[in-house]
Visitor: 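Take this structure first; my questions come after.
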Amino acid sequence: PEPKKLYPIFYRQPTEQAGPKRCTFLNKRRPSLTYSPPKKRLRLVYSNQAVLNAGQKEVGQKTCKACGMTFTLDQKGERLHEMFRDRGASVLHIGNWKKEVTLDVFPSDKARCVLVTPSSPRHQWSKARAVIELVDDELGMCESIPSSPLCKIVLYVQGKSVVGCLVALPVLEANALMFEDNTSTENDKSQSYCNKVAEKIVDVQCGVSRIWVDAAYRRQGIATRMLNVLRKCFLNEQALPMTSEMPKSSIAFSTPTADGQSFARSYMANEDVLVYS
């Protein structure tokens, strides 16, 4: 009698006869009746890519020119950016205080410099502390807010918004920054960052802990105005402007950023840039 034909249950194409050594379960390539083109391998462009490109307009990170915050271009990042902007708008909003110490007025810009100290009314000191906390978040500072009775905070108010802040403390000693003038142009020199200080100790009177200007109001001389006003009022115990100014050589800065060093070199002109720790 003829042997019965056996057909595999996993393949469509029947075989002539399944021998004892043939096992369809272990076959690597499975024949198919229809043609299927070879699969294309996906090529990874960036090995460190952490964001999926699903056809959105922008991918990655973005830095806001108005507030300076860097956020991811997704729903969560944009929501955090909006929360940061709303918080900043509410913190920087300021009205007309009844017992306000106005150091100087700039009618052309409808601006004024306001002095706040720990002995000021509670609502003024609370506003100044909230502004400093916002400034620290932007500058990345972890220092505690000064509470010394000799601390003086200058707020630059334009309209009904705080666009500049300066915090000063009494300091006795400082060191000079050592810049290497090996660049070709003055513009390159102003953008160089220096982290070396001289060993010689210099006597000073005032230390600028923080100086900040809103990103939308920079390059308008606001930081220079605040420093000039500070030089007139810092040594006055009554916190009112004096006729004589404190010399620039008596001012030291805390460890400044690259932009802060550029501004300090421009403001000090021929004087050394002094820093304190």
Side-chain angles (χ1 to χ4, degrees), residues 88 91-95 97-105 111-158 161-175 201-214 222-257 259-261 263-264 267-268 273-277:
V91 169
L92 298 178
H93 177 77
I94 186 174
W97 291 335
K98 293 183 179 180
K99 298 180 181 180
E100 179 180 282
V101 180
T102 303
L103 299 176
D104 204 348
V105 179
R112 66 188 188 276
C113 283
V114 180
L115 179 67
V116 181
T117 62
S119 60
S120 301
R122 182 177 298 178
H123 65 280
Q124 296 184 14
W125 181 246
S126 299
K127 172 61 71 173
R129 285 178 60 92
V131 173
I132 294 175
E133 290 178 358
L134 185 68
V135 171
D136 289 349
D137 291 342
E138 182 172 339
L139 298 179
M141 297 185 64
C142 301
E143 299 179 5
S144 59
I145 298 176
S147 59
S148 171
L150 300 178
C151 170
K152 295 186 179 181
I153 302 173
V154 179
L155 300 179
Y156 191 92
V157 182
Q158 185 167 343
S161 179
V162 178
V163 299
C165 177
L166 185 148
V167 182
L169 295 168
V171 175
L172 300 179
E173 297 178 348
N175 302 85
I201 298 177
V202 182
D203 295 333
V204 294
Q205 295 175 314
C206 173
V208 178
S209 173
R210 300 164 178 84
I211 183 167
W212 168 85
V213 178
D214 192 350
I222 295 177
T224 302
R225 289 179 178 178
M226 289 191 295
L227 273 177
N228 292 337
V229 169
L230 176 70
R231 291 166 55 196
K232 294 181 180 179
C233 72
F234 186 77
L235 298 179
N236 190 2
E237 296 180 357
Q238 298 181 355
L240 295 176
M242 300 173 60
T243 55
S244 59
E245 292 184 353
M246 180 174 56
K248 293 182 179 180
S249 58
S250 298
I251 297 178
F253 300 87
S254 63
T255 307
T257 60
D259 293 338
Q261 288 188 10
F263 166 75
Y267 182 81
M268 299 301 291
V273 178
L274 304 177
V275 295
Y276 73 94
S277 56

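Source: prediction; values computed, not measured. Along the sequence shown, residues are numbered consecutively beginning with 1. Computed over heavy atoms, backbone and side chain alike; hydrogens, waters and symmetry mates excluded.
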Visitor: Would you compute the distance between atom CG of Asn175 and atom CG of Leu274 and round it to the nearest 0.5 angstrom?
Guide: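 Asn175 CG to Leu274 CG: 8.5 Å, rounded to 0.5 Å.
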Visitor: Would a distance-only check, ignoring hydrogens and angles, find a side-chain to backbone donor-acceptor pair under 3.5 Å from Gln124 to Lys99?
Guide: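 Checked: pair present.
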Visitor: Answer yes or no: is there a side-chain heavy-atom contact under 4.5 Å between Leu92 and Val163?
Guide: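 Not in contact.
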Visitor: Roughly how far, to the nearest 0.5 Å, is the CG atom of Leu227 from the CD1 atom of Ile222?
Guide: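 Here the interatomic distance stands at 12.5 Å.
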Visitor: Which heavy atom in Glu245 sits nearest to a heavy atom in Lys232, and how many Å separate them?
Guide: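 Nearest pair, atom of Glu245 first, then Lys232: OE2-CE, 3.1 Å.
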Visitor: Ignoring hydrogens and angles, tell me if any N or O in the side chain of Lys152 forms a donor-acceptor pair with the backbone of Pro170 under 3.5 Å.
Guide: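 Looks like no, no N/O pair under 3.5 Å.
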Visitor: Less than 4.5 Å apart, side chain to side chain, heavy atoms only: is that true for Tyr276 and Cys206?
Guide: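 The answer is no, as the side chains (C-beta and beyond) never meet within the 4.5 Å cut-off.
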Visitor: Taking the side chain as everything from C-beta on, heavy atoms only, tell me whether Cys165 gets closer than 4.5 Å to Ile153.
Guide: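 Result yes, sub-4.5 Å side-chain heavy-atom pair found.
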Visitor: To the nearest 0.5 Å, what is the distance between CD1 (Ile201) and CG (Leu172)?
Guide: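 Going from the CD1 atom of Ile201 to the CG atom of Leu172 covers 11.5 Å.
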Visitor: Just so I know, are the side chains of Asp104 and Arg225 near enough to count as touching, which here means a heavy-atom distance under 4.5 Å?
Guide: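 When only atoms from C-beta onward are counted, Arg225 and Asp104 do not touch, as no gap falls below 4.5 Å.
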Visitor: Do Ile251 and Met246 have side-chain heavy atoms sitting under 4.5 Å apart?
Guide: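 Result yes, sub-4.5 Å side-chain heavy-atom pair found.
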Visitor: On a heavy-atom basis, which atom in Thr102 and which in Glu100 lie closest, and how many Å separate them?
Guide: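 Heavy-atom minimum between the residues: OG1-OE2, 3.0 Å.
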Visitor: I need the minimum non-hydrogen distance between Val204 and Ser250, along with the two atoms involved.
Guide: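 Looking at all heavy atoms of both residues, the closest pair is CB-O, 3.5 Å.
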Visitor: For residues Tyr267 and Lys248, report the shortest heavy-atom separation together with the two atoms involved.
Guide: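 Scanning both residues, the minimum pair turns out to be O-NZ, 2.9 Å.
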Visitor: Mind listing the closest non-hydrogen atom pair of Ala168 and Phe234 along with its distance?
Guide: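 Distance-wise, the nearest heavy atoms are CB-CE1, 3.9 Å.
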Visitor: Is any side-chain heavy atom of Val116 closer than 4.5 Å to a side-chain heavy atom of Trp97?
Guide: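 The answer is yes, as the side chains (C-beta and beyond) meet within the 4.5 Å cut-off.
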Visitor: Backbone N or O of Thr117 within a donor-acceptor pair of the Ser120 side chain at under 3.5 Å?
Guide: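 Checked: pair present.
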Visitor: Measuring only between side-chain heavy atoms, which start at C-beta, is Leu230 closer than 4.5 Å to Val208?
Guide: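 Yes; the side chains approach each other to less than 4.5 Å.
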Visitor: At their closest point, which heavy atom of Met226 faces which heavy atom of Trp212, and how far apart are they?
Guide: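 Nearest heavy atoms, Met226 then Trp212: CE-O, 3.8 Å.
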